[in-house]
There are 2 protein chains.
Amino acid sequence: MNGLGEIMSNKQSRRVTLMEVANHAGVSRATASLVARNSTKISNDTKEKVLQSMKELGYVYDRIAANLRSQTSTTIGIIITDVANTFFSELLLGVHQELEKFGYTVFLGTTFDSVDNQVKLISTMLEHRVGGIILCPVSSTSTETIERVQNIDIPMVVAVRELPFIETNYVGLNYTQGAKKATSYLLEKGHTRIAFLGGRSESSTWHERIEGFYQAHQNAGINVDSSLIVDSSPTREGGIEAVQTIINHPNRPTAIFCFSDMIAFGVIIGLRKAGITPGEDIEIVGFDNVPETEIVYPPLTTVSSFPQQIGAEAANLLHKKMTSDTNEKERIILQPELVKRDK
Amino acid sequence: MNGLGEIMSNKQSRRVTLMEVANHAGVSRATASLVARNSTKISNDTKEKVLQSMKELGYVYDRIAANLRSQTSTTIGIIITDVANTFFSELLLGVHQELEKFGYTVFLGTTFDSVDNQVKLISTMLEHRVGGIILCPVSSTSTETIERVQNIDIPMVVAVRELPFIETNYVGLNYTQGAKKATSYLLEKGHTRIAFLGGRSESSTWHERIEGFYQAHQNAGINVDSSLIVDSSPTREGGIEAVQTIINHPNRPTAIFCFSDMIAFGVIIGLRKAGITPGEDIEIVGFDNVPETEIVYPPLTTVSSFPQQIGAEAANLLHKKMTSDTNEKERIILQPELVKRDK
DNA sequence: TTGAAAGCGCTACCAA
DNA sequence: TTGGTAGCGCTTTCAA
């Protein structure tokens, strides 16, 4: 119920109704309805007649009314934090490809990483009777938000970022493993002073990564210098900011492991501005393997996080939950891969 | 009526209704409805009572039912060809930022550049009673498709690509001007053999660009070698393909004007694979100024096509058409800018 | 196979 | 300010 008063709405033009189609075709409304739903219990003759009338009158099926009556839903909602981030647009691609197969129509919401927006979007989607929700939660999502959806008993799949203290269907990546692989790669190349830049330290995805970062160091018997760990917003701008600390560091690292490719791009820009050559003076590794990593310079070694697959898995899991009625929660964790790119 | 039978739908859990809220609060359904809509004609006392009941019962407003009764819509649809293309995700960003202000919830559809998908998506959205549609049409959109929407009298804004032979609201860019600027830039740098790569030659956006390409040549008094014009699908893969012709050309051009940045990225990859250094052996100019052009190597000079503004303008225009009832069509054409980037 | 009547959850309209 | 009644466009249910 947040501020219904302010919501925009607009008059619609009158549509042709099923009743009118029925009259035009000389059958009852129920018969016309059966034809609209492609029922097999209608003689070919009447079917043709009705279809013809629909065409002539320009009839458009009112799925909203149908869903209301039959208490069903043909829509799902997907909520992401940022469309302009290729990670999420790739994820969206995966979701779309899967869900359109099943015939769902998808509501898209963008939170711009704001909790308020997220709450509002979830409300609006519930009010629009979505049959299910895929949520890529903002960092500081409250348990209450999730419980609200669970109480209404609408299937939800949380993707990308896992929420603490609450059991949900979840599709994500083994970030710890990914960070470990990336860090080990740098350590094996002989780096001993590695920075970890970017990402919000309150998010689970950050914690999992830092965990892998430490594990790799431990395996190699090398200590982590915690002054080389700098968090930031998970955007390119965040990367530009975070790298300043490194540039001004009295004892500069020789390599940087970035929270994400977006961060890495910011880091590259920031280093260049400071006259430091990324890839030569300082080695950089990213995370996500977004398409741009192929064409960026220096070529970016990164960890593939398979956003499209995450999207596809989330979509399938949601569909599964929407069509079965067990309340069991599932977790799907994809394994990351290191993508080495040399100059 | 395309294949209603195959459409997935799923049972929803029973919701708390306004009637139940009314009973719980000891008021009539009409009163509860007024509270839900934040009417001023309700005493604070009853309002509080009703709101309290809503909270206790976990009431969720059913906007679908409300819209059905009041013949309104709070949704709009946006149809794009490809989410993974940053041009479109930036456009989407602009649309979202504007439309969420007005309180619309947005349906997203992706055509993957298929006419069939486009027709299906438009149908589904109409069936879901969208109040308006923003359409970034696929290359070979039929007049019929557009007329279908116009007949139902639902406002539509066509964006990015203009359709011939049909009057619609349109938001786009002066592509001719952009192509002319880019080509002139290359000509002024002394290039006399310039290729034009990528894009579908049946689309208006291609024609407008080639027009600018020719105009620039004419102004400079230089002839165009039409064997250097190669079309392709408007994707990175398309760019990789198209550049093959240039690589194998007996008389190679010294510069390439690419249909889009996506094409340019493909061209860069293709040239590198063939052992040709982009930016040195052959100069490249793109079109769109997608964010990646900042970090790509070689730095890409490009034409800014302001996707986010296009999205925002389209959203505003749609809102305007949805709230006024003139049937007048408007055209908004943004002016492109050349963004020079040096190595 | 077709038809008549009831009702999904809400708002509009009129009366009190 | 509040309440009763009708009805948005469709499906459901039962009878013919």
Side-chain angles (χ1 to χ4, degrees), chain A residues 1 4-5 7 9-50 54 57-74 126-129 152, chain B residues 1 4-5 7 9-50 54 57 59-74 126-129 131 152:
Chain A
M1 294 284 56
L4 287 184
I7 294 283
S9 71
N10 91 308
K11 271 281 171 228
Q12 280 212 331
S13 53
R14 232 189 64 74
R15 298 176 164 225
V16 176
T17 72
L18 210 44
M19 190 68 221
E20 291 168 287
V21 170
N23 285 340
H24 186 272
V27 298
S28 79
R29 190 160 81 223
T31 306
S33 172
L34 288 172
V35 174
R37 284 174 287 159
N38 211 6
S39 161
T40 51
K41 312 185 189 175
I42 299 283
S43 72
N44 267 334
D45 241 32
T46 24
K47 192 170 169 180
E48 275 313 313
K49 218 168 38 181
V50 175
M54 287 180 171
L57 299 176
Y59 174 70
V60 173
Y61 184 66
D62 191 330
R63 180 157 282 135
I64 288 297
N67 287 349
L68 174 61
R69 175 60 239 238
S70 58
Q71 292 291 80
T72 54
S73 171
T74 47
L126 293 178
E127 292 175 6
H128 278 285
R129 277 187 164 281
I152 303 196
Chain B
M1 294 291 54
L4 287 182
I7 294 283
S9 71
N10 90 308
K11 272 281 171 226
Q12 280 213 332
S13 54
R14 232 190 64 74
R15 296 173 166 225
V16 176
T17 72
L18 212 43
M19 189 68 222
E20 290 167 286
V21 171
N23 285 341
H24 186 272
V27 297
S28 79
R29 190 161 81 224
T31 306
S33 171
L34 288 172
V35 174
R37 284 174 287 161
N38 209 7
S39 162
T40 51
K41 312 183 187 179
I42 298 284
S43 71
N44 267 333
D45 241 34
T46 23
K47 191 170 168 178
E48 274 315 311
K49 217 168 42 183
V50 175
M54 287 180 172
L57 299 177
Y59 174 69
V60 173
Y61 184 66
D62 191 329
R63 179 156 283 136
I64 288 296
N67 287 349
L68 173 62
R69 174 58 238 223
S70 58
Q71 292 292 80
T72 54
S73 170
T74 47
L126 293 178
E127 292 175 7
H128 278 285
R129 277 187 164 279
I152 303 196

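All figures in this text were calculated on a predicted structure; none of them were measured in a lab. Per chain, numbering begins at 1; letters A, B, ... match sequence-line order.
- In this structure, Leu34(B) atom CG and dT11(C) atom P are separated by 8 Å, rounded to whole Å.
- How far OG1 of Thr46(B) is from NZ of Lys41(B): 14.0 Å, rounded to the nearest 0.5 Å.
- Distances from the side chain of Thr46(A) to the nucleotides dG3(D), dG9(C), dT1(C) place dT1(C) closest.
- Summarising the geometry, the separation between CG on Asp62(A) and P on dC8(C) is reported as 18 Å, rounded to the nearest angstrom.
- With DNA chain D read from its 5' end, the first of the two nearest nucleotides for Arg69(B) and Ala32(A) is the one closest to Arg69(B).
- Taking 4.0 angstrom as the limit, Gln71(A) places a side-chain polar atom (N or O) nearer than this to OP1 or OP2 of dG9(C).
- With hydrogens and angles disregarded, a donor-acceptor distance shorter than 3.5 Å links the side chain of Glu20(B) to the backbone of Thr17(B).
- Separating the CZ atom of Arg29(A) from the P atom of dT2(C) is a distance of 17 Å, rounded to the nearest angstrom.
- In this structure, the nucleotide among dG3(C), dC10(D), dT11(C) sitting nearest to the side chain of Tyr61(B) is dT11(C).
- In this model, the phosphate group of dT2(C) is not approached by any side-chain N or O of Thr31(A) to a distance below 4.0 Å at OP1 or OP2.
- Atom OG in Ser73(A) sits 11.5 Å away from atom NE2 in His128(A) (nearest 0.5 Å).
- OP1 or OP2 of dC8(D) has not a single side-chain nitrogen or oxygen of Ser70(B) nearer than 4.0 Å.
- Atom-to-atom, CG of Asn67(A) to C1' of dC8(D) comes out at 15 Å; the value is rounded to the nearest Å.
- What separates CE of Met19(A) from C1' of dC10(D) is a distance of 12 Å, to the nearest Å.
- Between dA12(C) and Arg37(B), a contact under 4.0 Å exists linking OP1 or OP2 to a side-chain N or O.
- Separating the CZ atom in Arg129(B) from the OG1 atom in Thr72(B) is a distance of 8.5 Å, to the nearest 0.5 Å.
- Between the NZ atom of Lys49(B) and the P atom of dT1(D) there is a distance of 15 Å, rounded to whole Å.
- Between atom OG of residue Ser33(A) and atom CD1 of residue Ile42(A) there is a gap of 9.0 Å, rounded to the nearest 0.5 Å.
- Close to dT11(C), at under 4.0 Å from its OP1 or OP2, lies a side-chain N or O of Ser33(B).
- Contacts of Ala30(B) with the nucleic acid, taken as non-hydrogen atoms under 4.0 Å apart, include base atoms.
- One can place CG of Leu57(A) at 14 Å from P of dG9(D), the figure rounded to the nearest angstrom.
- At the heavy-atom level, Leu68(B) lies under 4.0 Å from base atoms of the strands shown.
- Rounding to whole angstrom units, NE2 of residue His128(B) and P of dG9(D) are separated by 17 Å.
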